Amino acid sequence: MADRITYVGLDVHKESIVVAVAAGGLRGEVREYGRIANTAAALDRLMRKLSGEGVGLRFCYEAGPCGYGIQRHLSAHGHECMVVAPSLIPKRAGDRVKTDRRDAASLARLHRAGELTAVWVPDAGHEAMRDLVRARLDAVHALRRARQQLSGFLLRQGCHYRRPAWTKLHRRWLAGLKFEQAVHHIVIEDYIAAVEAAATRRDRLTAQIEAMLPDWTLAPVVAALQTMRGMALVNAATLIAELGDLSRFANPCQLMAYLGLVPSEHSSGASIKRGRLTKAGNSAARRLLIEAAWTYRFPARVSRELLLRQESQPKLIRDIAWKGQLRLCARYRRLARTGKPANIVTTAIARELAGFVWAIARQVTVTTD
């Protein structure tokens with residue numbers, strides 16, 4: 001065990017890392033180390049220079065676009081490394097000067113004081129799956145944007161399709177359109193090609209998710225979540241890829257708060273004021289839960305598709321899913337009868353749905369390599 005602990009704050013950038021070192025103890029010195037290159041060799045030199053007989057190193061840096069490579073490299077060499085949630089770093093109200101050196105020194109000092117909040121660091125396999133589902137989300141957004149651009153062009157030309165769009169009949173209707181200006185035929189064909197390319201990309205990535213899912217350590221959790229209404233394969237895989245191992249949440253309230261589905265609060269003395277949702281945490285997971293919550297506006301039932309997804313699951317998990325469906329469908333109707341707006345009702349259902357997701361995930365045993 002190390003006799004002395006040195007806290008190292010890293011302000012990470014694409015090409016460089018600014019380093020600050022805080023000695024152990026509440027009043028230990030905090031000094032600037034300098035700027036190093038953001039490479040594995042530079043980190044190895046830093047570890048050699050700072051480590052010594054009886055000295056333990058504890059690193060920290062903010063989560064950001066550079067990912068978790070630094071954390072994995074330092075951890076592989078036996079050093080503790082915390083990836084810090086940027087939004088939860090304490091800041092002084094009167095501090096108006098921000099530099100890389102100050103940021104690194106502040107991280108080292110706050111890490112020594114135990115004031116930093118760590119984010120969950122996925123393993124390489126989980127991060128790869130999360131990159132895959134995020135690529136599919138990007139493809140979905142690109143498809144939506146391409147369709148909107150095509151619809152905008154048709155609206156400007158006064159063309160209206162009064163049936164459900166983006167079907168085979170709709171595609172045939174598009175092919176039969178005629179315009180006075182010949183160049184408009186070139187424009188619409190280009191828009192159609194963009195829509196079809198985006199749809200092909202989305203379908204290709206969906207197939208890749210289905211193919212890679214069996215090799216994922218959290219695949220049993222994804223399969224269990226599919227027993228719930230509104231949680232088909234892609235939705236469940238995306239939700240777990242974004243949230244990770246749900247066992248790190250001690251109770252469902254922590255998961256709801258992490259998703260930003262709890263109301264904000266500003267209370268002082270006898271005054272208690274609650275406002276809108278905090279919308280903290282993972283926005284993609286929150287959006288998926290809200291989309292799933294819309295399905296509970298219909299009466300509770302087990303459809304054929306849902307039954308097929310439930311057949312391979314234990315009775316305990318199926319019972320939790322059915323209990324959740326009964327409660328959420330009834331609660332949706334009860335809230336809707338009070339006259340509350342549909343988006344508020346759906347958000348309330350999504351908050352409770354998160355609790356049932358947590359309950360099902362806790363029943364699944366995950367084996368790690």
Side-chain angles (χ1 to χ4, degrees), residues 1-124 126-127 130 242-245 248-250 254 257-258 280-282:
M1 182 176 179
D3 298 327
R4 293 176 292 128
I5 298 176
T6 299
Y7 298 87
V8 185
L10 307 176
D11 191 57
V12 179
H13 300 275
K14 180 176 67 173
E15 301 292 342
S16 63
I17 302 174
V18 178
V19 184
V21 179
L26 295 178
R27 299 184 182 277
E29 177 189 9
V30 180
R31 60 184 176 87
E32 177 191 354
Y33 178 87
R35 186 182 295 267
I36 65 173
N38 190 353
T39 62
L43 287 172
D44 291 340
R45 288 194 297 269
L46 175 66
M47 286 185 284
R48 287 196 300 268
K49 289 182 179 180
L50 295 181
S51 61
E53 188 66 28
V55 177
L57 300 179
R58 295 185 180 178
F59 294 84
C60 70
Y61 67 96
E62 293 183 31
C66 293
Y68 306 106
I70 294 175
Q71 191 275 344
R72 295 191 181 111
H73 184 79
L74 295 174
S75 298
H77 286 75
H79 300 292
E80 293 185 24
C81 183
M82 175 190 291
V83 183
V84 182
S87 60
L88 300 179
I89 297 176
K91 299 184 185 297
R92 291 180 293 184
D95 194 353
R96 294 292 185 270
V97 179
K98 182 186 183 303
T99 64
D100 295 342
R101 293 182 304 168
R102 281 179 173 241
D103 288 346
S106 176
L107 284 173
R109 186 181 298 108
L110 291 170
H111 190 24
R112 181 179 63 186
E115 297 292 333
L116 296 177
T117 302
V119 301
W120 179 73
V121 178
D123 57 32
H126 185 101
E127 188 176 16
R130 188 170 65 182
E242 292 292 342
L243 295 179
D245 186 6
R248 71 183 192 273
F249 298 103
Q254 290 184 1
Y258 175 80
N282 193 295

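Owing to the predicted nature of the structure, the values given are computational and were not obtained by experimental measurement. In this chain, numbering begins with 1 at the start of the sequence shown.
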Answer whether the closest heavy-atom distance between the side chains of [X] and [Y] falls below 4.5 Å.
X     : Y      : value
Ile70 : Phe59  : no
Arg45 : Ile36  : no
Lys98 : Lys91  : no
Val30 : Arg112 : yes
Leu46 : Leu10  : yes
Thr6  : Leu50  : no
Val18 : Arg35  : yes

Check [X] against [Y] and note the closest heavy-atom contact, atom names and distance.
X     : Y      : value
Ala42 : Ala37  : CB-O, 3.2 Å
Gly9  : Ala108 : N-CB, 3.6 Å
Pro86 : Glu62  : CB-OE1, 3.6 Å
Val55 : Arg4   : CG2-NH2, 3.1 Å

[atom2] on [Y] to [atom1] on [X], rounded to 0.5 Å:
X      : Y      : atom1 : atom2 : result
His79  : His73  : NE2   : NE2   : 9.0 Å
His13  : Asp100 : NE2   : CG    : 3.5 Å
Met82  : Leu116 : CE    : CG    : 6.0 Å
Arg92  : Ser106 : CZ    : OG    : 7.5 Å
Glu80  : Leu74  : CD    : CG    : 11.5 Å
Asp123 : Asp245 : CG    : CG    : 10.0 Å

>> Quick check on side-chain contact (heavy atoms from CB on, under 4.5 Å): which of Leu110, Ile89, Thr117 does Val84 satisfy it with?
In response: Ile89
> Does Ala93 offer a backbone N or O that forms a donor-acceptor pair with the side chain of Arg96 under 3.5 Å?
Replying inline: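 Checked: pair present.
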>> One pair to check against side chain to side chain contact (heavy atoms under 4.5 Å, CB included): Tyr61 and Val83. What are the steps and the verdict?
In response: CA-CA 5 Å; Tyr61 67 96; Val83 183; 3.8 Å; yes
> Which word best sums up how the rings of Phe249 and Tyr258 line up, parallel for under 30°, tilted for 30 to 60°, or perpendicular for over 60°?
Replying inline: tilted
